[in-house]
Amino acid sequence: MPASTVPQPHSDHLDPLLFGHDPTPGIVSVHADHLGQAWVWRREGERVTLEHDTFRPWLFARDLRDVEHLGTRLVWNDDVAPFSVRSLRGEEGTLRYLLTASDAQALRREVLRGASKRKGQTIGSLRDISGYYSVGPVEGYLMATGRTYFKSLEMQDTVRLQFDLETTGLNPETSRMFMIAIKDNRGFERILEARKASQEGEMIEALMQIIRERDPDIVENHNISSFDLPFLIGRAERLGVGQRGVGLNFSRPGAPAGLWRVQDGGSSPHWACAGREIVDTIDAVRRMNLPSAGLKAVSQLFGIAPEGRVYLEGVKIAETYASQPALVRKYALQDVEEVEALARRVLAPSFALARMAPRPYHRLPYAGTAMGMFEPMMVRAYLRAGMALPGKQPPSESQQGGSVTLFAEGVLERVVKADVASMYPSLIRHERLAPRSDALGVFLHLMDHLTGLRLDHKAAARRGDLGEHEAMQSAMKLVINSAYGYMGAGRMSVFGDVDAANTVTRRGRETLNEVTGALALRGVTLIEADTDGVYFSVPDGWTEADERRVIAEVDALLPTGVTLEFDGRWRAMLSHETKNYALLGYGGELNLKGAAFTSSRGEPYGRGFLEEALKSLLGGEIARIPELYRATVERLQAGGYTNAEVASRAKVNKAQDAYLQSRSTRQEAVYEALIRSGRTWKSGDRFILYQRSGAGLSVLDDPEGCDYDAPFYVQQLRNGYASRLKKGLSAEGYAQVFAQRQPGLFDRPLSEVRAVWQSVSSEPR
DNA sequence: TCAATCCGGGG
DNA sequence: GTGTACGGATTGA
């Protein structure tokens with residue numbers, strides 16, 4: 001293990017509001033319970049030690065009426081009594097009492113008992129009443145102590161283990177595991193196999209044994225929370241593997257054993273155990289809004305797919321294993337190798353955030369940045385300062401958003417994009433816009449220090465030593481960018497202030513108006529402005545230097561701390577409607593934005609046509625489009641496409657009986673097609689569907705055949721694809737380009753059809 | 001137009 | 001029960 005080369009700020013210099021006030025280094029996991037016991041695992045080199053700690057569970061309250069019934073059992077300013085209270089600095093109406101207890105569950109029960117009596121109905125959760133703020137035990141411990149994970153540790157200092165299941169299917173009720181690939185970042189690699197079904201239980205035991213021996217701090221995989229763990233647990237239950245009453249024990253010794261589900265409500269499940277952090281690379285990847293969040297796709301995108309990567313289709317893996325086991329072993333091992341590399345890259349920001357936010361690492365990849373990180377840091381500061389949390393927010397007007405204005409539609413050339421760098425954070429910092437309720441000024445303190453530190457890390461990353469610095473700066477960016485959303489979250493957030501958030505957006509709109517106004521005065525044609533950026537077209541003959549000069553001129557007019565930046569240039573743009581456009585780069589690359597151009601289930605034939613047609617339209621070769629269109633129509637009619645090329649994919653998430661139940665109230669085309677095709681299905685099945693001649697929407701049985709409904713697809717080509725070019729042509733030009741017949745003698749020559757644009761008079765929305 | 005709901009991804 | 005609300009696209013009132 002290479003020694004840490006990243007100069008981290010010395011512990012003494014860590015800002016306490018940002019990193020918590022306790023500099024304890026090396027924490028890799030924390031478990032805590034409602035009785036105020038905490039288990040803290042700390043790593044020093046290759047050694048991990050477990051420390052027991054205690055803390056006093058706490059709860060902010062607006063008043064004491066719900067605990068009045070405790071009488072003398074509630075003691076003032078005492079830290080050992082079963083129930084106690086201390087008052088915090090703050091006015092009436094704020095959460096100015098800190099209730100503490102030796103047993104958090106007992107305290108909660110008593111509060112709920114009092115509240116139920118007061119309200120005359122059973123209150124089952126503190127969430128159902130106002131006037132309280134509480135968190136879970138681990139968060140409570142971290143906030144109270146000022147500790148955070150990973151201080152003075154880098155990701156590679158921790159022991160990270162990856163495991164990946166290979167199974168005969170997706171459902172543990174009907175499928176089984178036949179292979180588990182395991183590796184860690186200390187050089188361990190292992191393939192476990194269960195050729196026979198009878199060996200599956202032993203294979204699970206072997207996995208658990210390896211986890212105990214390799215003793216990782218962190219367990220990683222791609223989609224581990226929705227696939228590998230539920231599947232593993234499902235199989236262990238069926239096979240009777242695992243400890244009685246505990247199930248599979250992922251926890252480290254010396255603390256409660258087990259593996260449990262966290263966060264049941266609605267969203268996808270996540271998992272925790274004591275002493276190790278279970279993290280899912282898919283959570284981090286989803287946050288990046290890539291076209292696909294799949295492991296293989298993302299690995300290729302990031303260039304981390306190993307040399308000679310084996311690709312196997314999911315459904316074929318089990319059958320391939322029967323004939324070529326070595327190939328599947330290689331495949332499975334490459335999976336965990338890829339996950340390890342991916343985790344290093346995409347989980348680094350969460351790892352860095354764990355040093356700041358009073359939350360366990362495993363929560364951060366899927367926690368919202370505002371409620372999940374910003375708020376806990378603010379509450380920690382108030383708890384530390386003995387300050388009351390704000391009470392109910394005053395009613396305020398509804399929240400206003402950024403402005404989106406379409407100035408021009410159609411085809412424009414020489415397109416430039418300029419944007420205001422980090423507009424909302426800049427306005428917040430330079431105009432000191434903060435929640436009124438933040439008496440301690442923590443909000444702006446965090447914004448200032450995060451921004452300052454981020455610039456340091458960015459500079460360090462640019463100097464060449466990437467890795468940690470890049471992770472740090474992008475982690476900080478996440479938190480900085482969540483600040484505005486946090487203020488605007490209204491009643492949801494303790495420090496929410498819709499009026500302050502509205503001031504930010506209003507100043508944003510004013511800034512954008514200043515930018516568009518100043519640009520227009522400099523002779524450019526505005527196309528679209530959206531929140532913090534603007535597309536415009538520059539006059540013929542302008543060079544890139546001219547483009548940058550005009551942006552610099554406008555930038556100079558803006559207030560200090562607010563910067564307009566050059567963000568890109570393109571040969572031409574088809575502006576379709578707000579947030580829907582196509583860009584053609586100077587290198588010929590096409591970039592599509594918005595649902596109008598990137599409809600998720602676009603059929604291959606139509607997608608191909610649209611891309612070619614757009615390239616011709618934007619590249620000044622309109623005369624090629626009629627040819628392309630007619631050729632596509634003729635090919636459709638002549639059966640020149642296969643069924644597969646006109647088909648689209650569909651996934652069903654309702655089980656068959658579930659659909660049959662809801663069918664009378666709501667029919668859904670895909671399920672109706674399955675019923676018509678005489679198919680049975682279960683939840684999660686995927687089908688490829690197409691319009692079959694004379695049969696309507698049908699399941700694709702014969703991909704190479706061509707019994708598709710040609711008139712339907714010709715119609716769709718016209719209405720669903722060709723129509724996307726409408727704004728770029730005159731009505732006459734459009735009719736001519738997409739004529740159903742060959743041009744006649746008296747038609748105007750196609751070479752005279754020009755791309756057009758027109759300005760749009762629309763009110764800013 | 002807006003808010004409920006669906007969905008990803010895994011073999 | 002080791003927190004609450006993941007976020008973008010789609011759908012339907």
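Note that the structure is a prediction, hence the values are computed from the model and not measured. A, B, ... follow the sequence lines: proteins, then strands. Residue 1 opens every chain.
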Scan [X] against the nucleic acid and name what it touches under 4.0 Å (heavy atoms): base, sugar-phosphate only, or nothing.
X: S226(A); value: base
X: L312(A); value: nothing
X: S292(A); value: sugar-phosphate
X: G294(A); value: sugar-phosphate
X: Q105(A); value: nothing
X: D164(A); value: sugar-phosphate

Among [options], which is the nearest nucleotide to the side chain of [X]?
X: R108(A); options: dG10(B), dG1(C), dC6(C); result: dG1(C)
X: D335(A); options: dG8(C), dG11(B), dG10(B); result: dG11(B)
X: N223(A); options: dG8(C), dC6(C), dG10(B); result: dG10(B)
X: E166(A); options: dG1(C), dG11(B), dG10(B); result: dG11(B)
X: F227(A); options: dC6(C), dG10(B), dG8(C); result: dG10(B)

Between [atom2] of [N] and [atom1] of [X], the distance in whole Å:
X: M288(A); N: dC6(C); atom1: CE; atom2: C1'; answer: 15 Å
X: I282(A); N: dG11(B); atom1: CD1; atom2: P; answer: 10 Å
X: L478(A); N: dG7(C); atom1: CG; atom2: P; answer: 10 Å
X: Y331(A); N: dG11(B); atom1: OH; atom2: C1'; answer: 8 Å
X: K316(A); N: dG10(B); atom1: NZ; atom2: P; answer: 16 Å
X: E338(A); N: dG10(B); atom1: CD; atom2: C1'; answer: 14 Å
X: L295(A); N: dG10(B); atom1: CG; atom2: P; answer: 7 Å
X: Y311(A); N: dG11(B); atom1: OH; atom2: P; answer: 13 Å

Within 45° of the axis and under 6.0 Å from the centre of the six-membered ring of [Y], does NZ or CZ of [X] qualify?
X: R195(A); Y: Y321(A); result: yes
X: R176(A); Y: F231(A); result: no
X: R276(A); Y: F250(A); result: no
X: R309(A); Y: Y311(A); result: yes

Want to settle it: does R286(A) or A272(A) sit nearer the 5' end of DNA chain C, counting the closest nucleotide to each?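 Result of the comparison: A272(A).
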Are Y132(A) and F60(A) an aromatic pair, judged by ring center distance below 6.0 Å?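 Ring-ring flag for F60(A)/Y132(A): false, centres at least 6.0 Å apart.
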Establish, with yes or no, whether the OP1 or OP2 oxygen of dG8(C) is under 4.0 angstrom from a side-chain nitrogen or oxygen of N289(A). yes
Separation of the P atoms in dA5(C) and dA4(B), to the nearest angstrom: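 Going atom to atom, P in each nucleotide, I get 15 Å.
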Can a side-chain donor-acceptor contact be found between Y486(A) and E375(A) if the only test is distance below 3.5 angstrom?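 Yes - a donor-acceptor pair under 3.5 Å links their side chains.
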